[in-house]
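To keep things clear, I will list the structure first and then write my remarks on it.
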Amino acid sequence: EAGVAQSPRYKIIEKRQSVAFWCNPISGHATLYWYQQILGQGPKLLIQFQNNGVVDDSQLPKDRFSAERLKGVDSTLKIQPAKLEDSAVYLCASSLAGGSYGYTFGSGTRLTVV
Amino acid sequence: GQQLNQSPQSMFIQEGEDVSMICTSSSIFNTWLWYKQEPGEGPVLLIALYKAGELTSNGRLTAQFGITRKDSFLNISASIPSDVGIYFCAGQLLVTGNQFYFGTGTSLTVIP
């Protein structure tokens with residue numbers, strides 16, 4: 001089966017600019033996750049979708065981050081305006097409903113804010 | 001968020017040696033996962049554990065769900081150069097939802 005697709009792979013922007021990341025999960029996976037992974041750390045959940053509804057966005061900095069999954073398939077994560085501390089790899093993952101059997105991750109988007 | 005501590009933080013070993021790493025938390029988890037991440041890639045699931053005391057193998061990898069439900073262990077036997085990467089544990093809490101919290105990672109370097 002095709003894996004989780006993410007684009008772009010790399011992005012460099014100046015602080016205060018905006019950026020958007022795209023994710024297409026594995027076909028049939030109802031649950032989609034966006035994780036932020038800062039260099040040297042483990043992934044941290046930003047937002048979890050079940051179909052097109054938000055299950056958990058408690059760790060999403062909502063003043064600057066937004067995410068949507070309009071048709072319950074692919075998803076977009078946006079940062080506006082970006083800060084230096086947003087430099088990280090943004091990982092998208094998907095799972096069958098519940099996720100207890102683990103997630104499948106995409107390769108991530110490496111964001112550098114200068 | 002939940003804090004999962006992994007030890008050691010990094011390891012440098014000779015090819016052929018066995019490796020052991022541990023993941024600990026102050027919270028009780030009902031599921032433990034072990035992932036491996038290589039440079040420029042997302043984490044890849046290695047082993048999943050669902051019951052306290054459970055011991056599960058995947059080739060040369062063996063993981064255990066701690067009896068206290070607050071820890072998990074991963075062992076790699078007869079390491080080879082392609083084992084290089086960062087190993088993350090991830091735990092799913094007993095009580096709340098299905099979010100997995102990730103550990104701090106153990107970086108493994110295998111010297112040929």
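Atom set for the values below is all heavy atoms of this structure, side chains included, hydrogens, waters and symmetry mates excluded. Every chain is numbered from 1 and lettered A, B, ... according to where its sequence line falls, protein lines coming before strand lines.
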With a 4.5 angstrom heavy-atom cut-off, is it the side chain or the backbone of [X] that approaches chain B, or both, or neither?
| X | result |
| --- | --- |
| A:Gln37 | side chain |
| A:Arg9 | side chain |
| A:Tyr10 | neither |

Starting from [Y], can I reach [X] by hopping between I/L/V/M/F/W/Y residues whose side chains sit under 4.5 Å apart?
| X | Y | value |
| --- | --- | --- |
| A:Leu46 | A:Tyr33 | no |
| A:Leu111 | A:Leu77 | yes |
| B:Trp32 | B:Ile76 | yes |
| A:Phe21 | A:Val4 | no |

- Query: Side chain, backbone, both or neither: which part of B:Thr31 has an atom under 4.5 Å from a heavy atom of chain A?
  - Reply: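 Only the side chain of B:Thr31 comes within 4.5 Å of chain A.
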- Counting only heavy atoms closer than 4.5 Å, note whether B:Gln9 contacts chain A via side chain, backbone, both or neither.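 When you check distances to chain A, no heavy atom of B:Gln9 falls under 4.5 Å.
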- Task: Would you give the length of the straight line joining atom CD of B:Gln99 to atom CD of A:Gln59, rounded to the nearest 0.5 angstrom?
- Result: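 It comes to 5.5 Å.
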- Task: Heavy atoms only, distances under 4.5 angstrom: which of B:Gly40, B:Pro43, B:Gly42 has the most pairs with chain A? Name it, please.
- Result: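 Looking at each option in turn, the highest pair count goes to B:Pro43.
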For [X], does the [atom1] atom have more than 12 heavy-atom neighbours from other residues, nucleotides or ligands under 6.0 Å away?
| X | atom1 | result |
| --- | --- | --- |
| A:Leu39 | CG | no |
| A:Ile12 | CD1 | no |
| A:Lys71 | NZ | no |

- Most chain B-contacting option - heavy-atom pairs closer than 4.5 Å, from A:Val89, A:Asp56, A:Val55, A:Leu45: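 Going by pairs under 4.5 Å, I would pick A:Leu45.
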- Just by modelled atom types, is the B:Phe100 backbone N or O under 3.5 Å from a matching donor or acceptor in the A:Tyr103 side chain?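 Judged by distance alone, yes, a pair lies under 3.5 Å.
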- Under 30°, 30 to 60°, or over 60°: which ring-plane class applies to B:Phe102 and A:Phe105, parallel, tilted or perpendicular?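 Rings of B:Phe102 and A:Phe105: perpendicular, as their planes differ by over 60°.
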